[in-house]
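Have a look at the structure below before the remarks.
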Amino acid sequence: MSEARRERKVVTVLFADLVGFTTQAEQLDPEDVEAILRPYHERLRYELERWGGTVRAWRQATSSTPRHGFSPQRP
């Protein structure tokens with residue numbers, strides 16, 4: 001068997017929070033949640049691709065962020 005080709009790349013990951021969305025989504029059917037998110041995803045994809053980005057996947061986070069938020073300098 002041959003080894004899988006490895007390639008090192010620099011990537012950027014974008015995390016975005018829609019304020020109040022979780023509370024709203026908990027009261028809605030999944031189809032309604034999708035209908036609300038679709039225009040947001042379409043616009044975000046458009047803007048990212050306009051600047052040379054690529055959207056590989058949309059993910060829904062299920063955990064909370066630490067109170068201090070994310071900082072690449074924090075250990």
Side-chain angles (χ1 to χ4, degrees):
M1 271 188 202
S2 66
E3 276 192 47
R5 182 170 175 240
R6 295 181 183 187
E7 184 177 349
R8 189 177 290 218
K9 293 184 177 186
V10 175
V11 300
T12 301
V13 178
L14 172 67
F15 294 93
D17 181 32
L18 302 177
V19 176
F21 184 74
T22 301
T23 303
Q24 181 183 9
E26 289 174 341
Q27 307 302 316
L28 300 173
D29 290 330
E31 296 82 8
D32 295 329
V33 172
E34 182 181 2
I36 292 169
L37 288 177
R38 190 175 308 112
Y40 169 76
H41 286 162
E42 288 172 357
R43 177 61 187 266
L44 189 56
R45 179 184 299 274
Y46 169 79
E47 294 297 335
L48 292 169
E49 289 177 350
R50 185 167 76 104
W51 292 98
T54 302
V55 176
R56 299 274 314 252
W58 299 109
R59 304 258 191 248
Q60 180 178 342
T62 56
S63 61
S64 63
T65 303
R67 175 169 274 184
H68 55 72
F70 172 78
S71 172
Q73 288 78 30
R74 287 188 182 270

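Computed from a predicted structure; not experimentally measured.
- Grouping Ile, Leu, Val, Met, Phe, Trp and Tyr by side-chain contacts under 4.5 Å, direct or through others, puts Phe15 with Val13.
- Within the structure, side chain to side chain donor-acceptor pair (under 3.5 Å) pairs that include any residue of residues 5-18 do not occur (at least two apart or interchain).
- Grouping Ile, Leu, Val, Met, Phe, Trp and Tyr by side-chain contacts under 4.5 Å, direct or through others, leaves Trp51 on its own.
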List the atom pairs, donor and acceptor, that lie under 3.5 Å between side-chain atoms in residues 40-47 and the rest of the protein, sequence neighbours left out.
residue	atom	partner	partner atom	Å
Arg43	NE	Glu47	OE2	3.0
Arg43	NH2	Glu47	OE2	3.2
Glu47	OE1	Arg50	NE	3.0
Glu47	OE1	Arg50	NH2	2.9

Name each donor-acceptor pair under 3.5 Å that joins a side chain in residues 20-38 to protein atoms two or more places apart or in another chain, with its distance.
none

